Colleague: 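Below you will find the structure I want to go over with you.
On a predicted model such as this, the values are computed, not experimentally measured, just so you know. A, B, ... follow the sequence lines: proteins, then strands. Residue 1 opens every chain.
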Protein chains: 2
Amino acid sequence: MPRAHARGTARDRLLDAAEELFVERGIAATGVDAVLGRAEVSPATLYAHFPGKDHLVAGYLERRHERWRATWDAALERCGDDPDARVLAIFDALDDFPTATSTRGCAFLAAAVEVTEPEHPAYRWLAADTHLLVERLRSLAAESGAAEPDALAAEILGLYDAALASRTRRTVAGDGGPAALPCRALAAAAVARHRAG
Amino acid sequence: MPRAHARGTARDRLLDAAEELFVERGIAATGVDAVLGRAEVSPATLYAHFPGKDHLVAGYLERRHERWRATWDAALERCGDDPDARVLAIFDALDDFPTATSTRGCAFLAAAVEVTEPEHPAYRWLAADTHLLVERLRSLAAESGAAEPDALAAEILGLYDAALASRTRRTVAGDGGPAALPCRALAAAAVARHRAG
DNA sequence: GGACTACTGTAACGATCATTATGATGAAAC
DNA sequence: GTTTCATCATAATGATCGTTACAGTAGTCC
């Protein structure tokens, strides 16, 4: 067993460091050396686990994608069978998600700014994030009795994106940022409206 | 007069090229050489106009900020004195804005991913974008008779951010993207609700 | 004990990239 | 006509950065 280090395996430490730094400073602005330093890992070990920086980026997004899915799953479990609560569970997950205090927006939309070529190994995870959100919200919207599940799903996703974008806006604008958006309440109203209409 | 070129002055061509490339491929991923090539400008000329790449980024964001403000102004003018239409004018401006067909989201939130240090000469324009949106929407919300102008402004800004985020989502997700969001109609409902409530 | 494994630290390599240097061109200003 | 100025094309410079190479160490397995 390769241990000896107090903070988990080298691979985990690399992904932890990559995630922290990529989210804070951006992917391109973060040198491999910075990741190695924070992870307390030597260069050879990084390249033993990943073919290159591109795949480290992909690994970071893959792990974050799975963590988000698990967080959302757990929030859904807590809702039991209440269809309305289940549609809104995405906002509970947003509060529960590790690094929920992040001052920057959606990590996948942020990565999409820097990873623009479909051949990039991380690109598939950008698509995976949107796919998960769209498909799951559509199912949940349908189960809640919405007449137009696609339209309700788009509204919920819009509120989700708005919540994350407002984090960035507050970060860059300081005091001049927007007021907090009551996403959950607005989403609940949307659910009711879509069932009534 | 220094002309001779069919596409405007060297400075304008530099900013045009920078804007196109930075929006398409990201700032860090775009080399100065690529900007020079598209602008048909020599390196010495670039550094005669800008102290460095950082200031070229700042110049690009400054010009885009002013263009957005002018587009919004024009949309407001067309609304005359109708307070409801004036709150919704931001969505008209979004349609009118040059490069409205952009497949990527808000250029300022995108730049905020890559420009994270407040000392960067472009940073102030990130803040300026949010300030303009927040302050102007707050004024317009108050003029529309909203009981809580800040809350209405936050909702409108949320719909604006949602509209731009969904562009990125559709780009990365292809067919699996979200349905189009009827932002203007949703915003109109929010305006009515805030006056009634 | 010896082979194996996961890892270390440091240094070098090679490519990329922002920036600077240089000398020349061509049109306007006086 | 000469000065001025914005511009050009090309090459060099210097720093950064991703990647590789190398020699060595500590613990596991048989």
Side-chain angles (χ1 to χ4, degrees), chain A residues 1-22 24-61 111 114-117 119-123, chain B residues 1-22 24-61 111 114-117 119-123:
Chain A
M1 294 296 175
R3 263 313 213 103
H5 203 286
R7 248 165 62 216
T9 70
R11 187 170 201 276
D12 286 339
R13 272 178 287 140
L14 281 169
L15 290 172
D16 288 343
E19 182 159 9
E20 291 167 16
L21 292 169
F22 290 163
E24 274 176 35
R25 307 183 202 168
I27 295 170
T30 300
V32 169
D33 283 359
V35 177
L36 294 173
R38 180 170 293 209
E40 294 177 282
V41 157
S42 76
T45 303
L46 189 160
Y47 290 97
H49 284 285
F50 303 94
K53 187 188 181 184
D54 286 356
H55 287 81
L56 178 63
V57 177
Y60 139 61
L61 289 176
E114 308 199 72
V115 176
T116 58
E117 296 179 23
E119 295 77 24
H120 194 292
Y123 196 88
Chain B
M1 295 295 175
R3 262 312 215 105
H5 204 286
R7 250 166 58 217
T9 70
R11 187 170 201 275
D12 286 339
R13 274 178 286 140
L14 281 169
L15 290 172
D16 288 342
E19 182 159 9
E20 290 168 15
L21 292 167
F22 290 162
E24 273 176 35
R25 307 182 199 167
I27 294 169
T30 300
V32 169
D33 283 359
V35 177
L36 294 173
R38 179 169 294 208
E40 295 178 280
V41 157
S42 76
T45 303
L46 189 160
Y47 290 97
H49 284 283
F50 303 94
K53 186 188 181 183
D54 286 356
H55 287 81
L56 178 62
V57 177
Y60 139 61
L61 288 176
E114 308 199 70
V115 176
T116 59
E117 295 180 26
E119 295 77 24
H120 193 294
Y123 196 88

Colleague: Checking Ala39(B) now: which residues fulfil side chain to side chain contact (heavy atoms under 4.5 Å, CB included) with it, not counting sequence neighbours?
Modeller: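 Scan of Ala39(B) (side chain to side chain contact (heavy atoms under 4.5 Å, CB included), adjacent residues dropped) gives Arg13(B), Leu14(B), Ala17(B), Val41(B).
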Colleague: Quick one, Leu36(A) and Pro43(A) - any side-chain contact, counting heavy atoms below 4.5 Å?
Modeller: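 Sidechains of Pro43(A) and Leu36(A): in contact.
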Colleague: Could you check whether any side-chain N or O of Lys53(B) sits under 3.5 Å from a backbone N or O of Gly31(B), counting only pairs where one atom can act as donor and the other as acceptor?
Modeller: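 No, Lys53(B) side chain to Gly31(B) backbone: no donor-acceptor pair under 3.5 Å.
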Colleague: To the nearest Å, how far apart are Leu14(A) CG and dA6(C) P?
Modeller: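 About 15 Å, once rounded to whole Å.
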Colleague: When the distance from CG of Asp12(A) to P of dC7(C) is rounded to whole Å, what number comes out?
Modeller: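 These atoms are roughly 10 Å apart.
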Colleague: Under 4.0 Å between a side-chain N or O of Thr9(B) and OP1 or OP2 of dA6(D)?
Modeller: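 The answer is no; no side-chain N or O of Thr9(B) sits under 4.0 Å from OP1 or OP2.
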Colleague: Between Thr30(B) and Leu21(B), which heavy-atom pair has the shortest distance, and what is it?
Modeller: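 Nearest heavy atoms, Thr30(B) then Leu21(B): OG1-O, 3.4 Å.
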Colleague: Determine: side-chain N/O of His49(A) to OP1/OP2 of dC7(C), distance under 4.0 Å, yes or no.
Modeller: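 For His49(A), the contact criterion (side-chain N or O under 4.0 Å from OP1 or OP2 of dC7(C)) is met.
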Colleague: Below the 4.0 Å mark, does dG9(C) have OP1 or OP2 next to a side-chain nitrogen or oxygen of Ser42(A)?
Modeller: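 Answer is no, no contact under 4.0 Å.
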Colleague: From Asp12(A) CG over to Arg7(A) CZ, what is the distance, rounded to the nearest 0.5 angstrom?
Modeller: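 Nearest 0.5 Å value for the CG-CZ distance: 11.0 Å.
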Colleague: Tell me: NE2 of His120(A) to P of dG18(D), nearest whole Å?
Modeller: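 That distance rounds to 12 Å.
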Colleague: Does Tyr47(A) reach the side chain of Leu56(A), with side-chain heavy atoms less than 4.5 Å apart?
Modeller: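 A side-chain contact is absent here, since even the closest heavy-atom pair is not under 4.5 Å.
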Colleague: dC8(D) C1' sits how many Å from Arg11(B) CZ, rounded?
Modeller: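 These atoms are roughly 20 Å apart.
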Colleague: Using nucleotides 14-22 of chain C, report all nitrogen or oxygen pairs with the protein that are shorter than 3.5 Å.
Modeller:
from: dA18(C); atom 1: OP1; to: Lys53(B); atom 2: NZ; distance (Å): 3.1
from: dA18(C); atom 1: OP2; to: Val32(B); atom 2: N; distance (Å): 2.6
from: dT19(C); atom 1: OP2; to: Tyr47(B); atom 2: OH; distance (Å): 2.8
from: dT19(C); atom 1: OP2; to: Lys53(B); atom 2: N; distance (Å): 2.8
from: dT19(C); atom 1: O5'; to: Tyr47(B); atom 2: OH; distance (Å): 3.4

